[in-house]
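The structure displayed is predicted, hence computed values, not measured ones.
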Amino acid sequence: MKEKTSIRIAKIIIAAVLLLVALFPIYWLVGMSIRPMEEMTGHISLIPKSLTPEHFIALFRDNGFGVAIKNSLFTTLVSTAMALVIGLCTAYVLARKRFRFGMKKPISLWVMVIRILPPIAFTIPLYIMFSKAGVLNSKWPVVFACILINLTFIIWYMISFFADLPEEIEESARIDGATEWQLFTKIVLPLVLPGLAAVAMLSFMYAWNEYTYSIIFIQSPANNTVPIALAALNTEDNLTNFGLTAAGGVISVIPITIFVIFAQKYLISGLASGAVKS
C-alpha cells in the first residue's frame, strides 16, 4: 500500500514539474508584456513589481497591429473554411468504392506528393500565377496558398475516417429517401466529428501562423498578417523593446487558444457521441 502511495506521489510530482516547465514560457511572455521598460534592464525579477498596459497601447497605436489581426483573421477563416469544404467532399468521394473514374490512385498520389514537398517548392509557380492574375497586391495569394497546403492535409487525413465508416449506414439512409447531400451532411459528417475537429484545429493553426508565403506575396503594409507584423517589430529601434514584442506574442496566441478550446469541445463531444452510436 505504501509503495502504491509513493508511486502515485512521484507521478504527481513529475506531472507538476512537467506542467511547470511547459507553462513557464507562457508565464514569462505574459510577464514581459506587462512589465514597465525600467524592469527589463539588469536583473529581471521572476514576478513583476508593477504592471503597465503601455506595450499593448503602443502596439495598436503606433504599429497598426489591429489591421494585422483583421488581415490574419480574414486569411485564416476564409482559407480554413474553403479548404474544409473542398477537402471533406474530396476525401469522402475518394474513400468510397463507387468512385469509378479510374483516377482514385493518381489523385491520392498527387495529394501525397504535394503534402510531402516543402511549401517553398511552390513559391515560384504560385508567384507567377498570382502575378498574371493581378492579385499580388491583396490578401488572396496568402488565402490560396494556405488552401493548397491545408487541402492536401485534410484530404489525406480524412480519407481513413470516411473509409472506416460502414457503408450500410449510408445505404439505410438512402433507402429512407435521403439525398447525397443530406447523407453527407447529416449522417456522415457527425460520425467523423473527431477527425473534422482535428483537421480544423491544425488547419486554423497553420493558416494563422503562416509566414513563408506571407513574406513573399504580401507587397503592402496594409495587407500584413500577424506573423509579418511581429517580424516588423524586430527593427533597430525596437530591438531592445522586449515588452512590445511580448505584447504582440500574447495577442497573437489568443485567437488560436480560443479556437482550439472551442474545437476541442466538439472533439470530445464527437468522441462521446461516436462511442454511444457504435
Decide side chain to side chain contact (heavy atoms under 4.5 Å, CB included) for I47 and Y27; before the verdict, give the C-alpha distance in whole Å, the side-chain angles of both, and the deciding distance to 0.1 Å.
CA-CA 10 Å; I47 301 176; Y27 164 77; 3.9 Å; yes

Could you please spell out the steps behind the side chain to side chain contact (heavy atoms under 4.5 Å, CB included) verdict for I34 and T52?
CA-CA 5 Å; I34 57 178; T52 177; 5.8 Å; no

Please step through side chain to side chain contact (heavy atoms under 4.5 Å, CB included) for the pair I228 and N223, ending with a clear verdict.
CA-CA 9 Å; I228 304 300; N223 296 323; over 6 Å; no

Run the ring pair (Phe, Tyr, Trp, His ring centres under 6.0 Å) check on W140 and F74 step by step: do they pass?
CA-CA 10 Å; W140 286 105; F74 174 81; 5.4 Å; yes

Please step through side chain to side chain contact (heavy atoms under 4.5 Å, CB included) for the pair L191 and I169, ending with a clear verdict.
CA-CA 10 Å; L191 294 175; I169 297 177; 4.0 Å; yes

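Taking OG1 from T90 and CD1 from I159, the interatomic distance works out to 9.0 Å, rounded to the nearest 0.5 Å. Once rounded to the nearest 0.5 Å, the distance linking CG of L136 with CE of M129 reads 11.5 Å. Here the straight-line distance linking atom OG1 of T179 with atom NZ of K186 works out to 8.0 Å at 0.5 Å rounding. Here CE of M201 is found 12.5 Å from CD1 of I256. Values are rounded to the nearest 0.5 Å. Note that CG of L244 and CG of L230 are 9.5 Å apart. Values are rounded to the nearest 0.5 Å. Atom NZ in K139 sits 10.5 Å away from atom CG in N224 (nearest 0.5 Å).
Considering W156, Y92, Y157 as possible partners of F162, the one that fulfils the ring-ring contact (aromatic ring centres under 6.0 Å, His included) test is Y92.
By the ring-ring contact (aromatic ring centres under 6.0 Å, His included) test, F60 pairs with no residue at all, sequence neighbours left out. Applying the ring-ring contact (aromatic ring centres under 6.0 Å, His included) criterion to F56, with sequence neighbours excluded, gives no partner residue.
For A247 against L59, the heavy-atom pair with the smallest separation is C-CD2, 3.8 Å. Heavy atoms only, all atoms of each residue included: L29 and G249 are closest at CD2-C, 4.0 Å. A pairwise comparison of heavy atoms in P255 and I251 identifies CD-O, 3.2 Å as the closest pair. Nearest heavy atom pair, residue A91 against residue M158, reads CB-CB, 3.8 Å. When all heavy atoms of T80 and A200 are compared, the closest pair comes out as CG2-O, 4.3 Å. Summarising the geometry of S72 relative to T225, their closest heavy-atom pair is OG-CB, 3.2 Å, with the distance given to 0.1 Å.
Grouping the Ile, Leu, Val, Met, Phe, Trp and Tyr side chains by contacts below 4.5 angstrom, directly or via other members, places F122 with I155. Under a hydrophobic clustering in which Ile, Leu, Val, Met, Phe, Trp and Tyr are joined whenever their side-chain heavy atoms come within less than 4.5 Å, directly or via other members, I218 and I216 fall into different clusters. The cluster map of Ile, Leu, Val, Met, Phe, Trp and Tyr, joined by side-chain heavy atoms under 4.5 Å apart, puts L73 and F65 in the same cluster. If you chain together hydrophobic residues whose side chains sit under 4.5 Å apart, L126 and V142 never meet in one group. Residues I120 and Y127 share a single hydrophobic cluster, defined by chaining ILVMFWY side chains whose heavy atoms lie under 4.5 Å apart.
Sorted by first and then second residue, the side chain to side chain donor-acceptor pair (under 3.5 Å) pairs with a member in residues 206-216 read E210-S214; sequence neighbours excluded.
Looking only at side-chain heavy atoms (C-beta outward), V199 and F153 come within less than 4.5 Å of each other. Side-chain contact between L84 and L196 is present, with at least one heavy-atom pair separated by less than 4.5 Å. Residues C146 and T75 fail the side-chain proximity criterion, which asks for heavy atoms closer than 4.5 Å. Using a 4.5 Å heavy-atom cutoff, the side chains of I258 and I261 are not in contact.
Not a single donor-acceptor pair under 3.5 Å links the side chain of N150 to the backbone N or O of S79. Between the side chain of T245 and the main chain of F242, no donor-acceptor pair closer than 3.5 Å is present. Remark: side-chain polar atoms of T152 are paired, donor with acceptor, to backbone N or O of I149 under 3.5 angstrom. H55 places a side-chain N or O within donor-acceptor distance of the main-chain N or O of R35, the cut-off being under 3.5 Å.
Using a 4.5 Å cut-off between side-chain heavy atoms of Ile, Leu, Val, Met, Phe, Trp and Tyr, I14 falls into a hydrophobic cluster with L18. Hydrophobic cluster membership of I128, counting Ile, Leu, Val, Met, Phe, Trp and Tyr whose side-chain heavy atoms lie under 4.5 Å apart directly or via other members: I124. I175 shares a hydrophobic cluster with no other residue; no ILVMFWY side chain has heavy atoms under 4.5 Å from its own.
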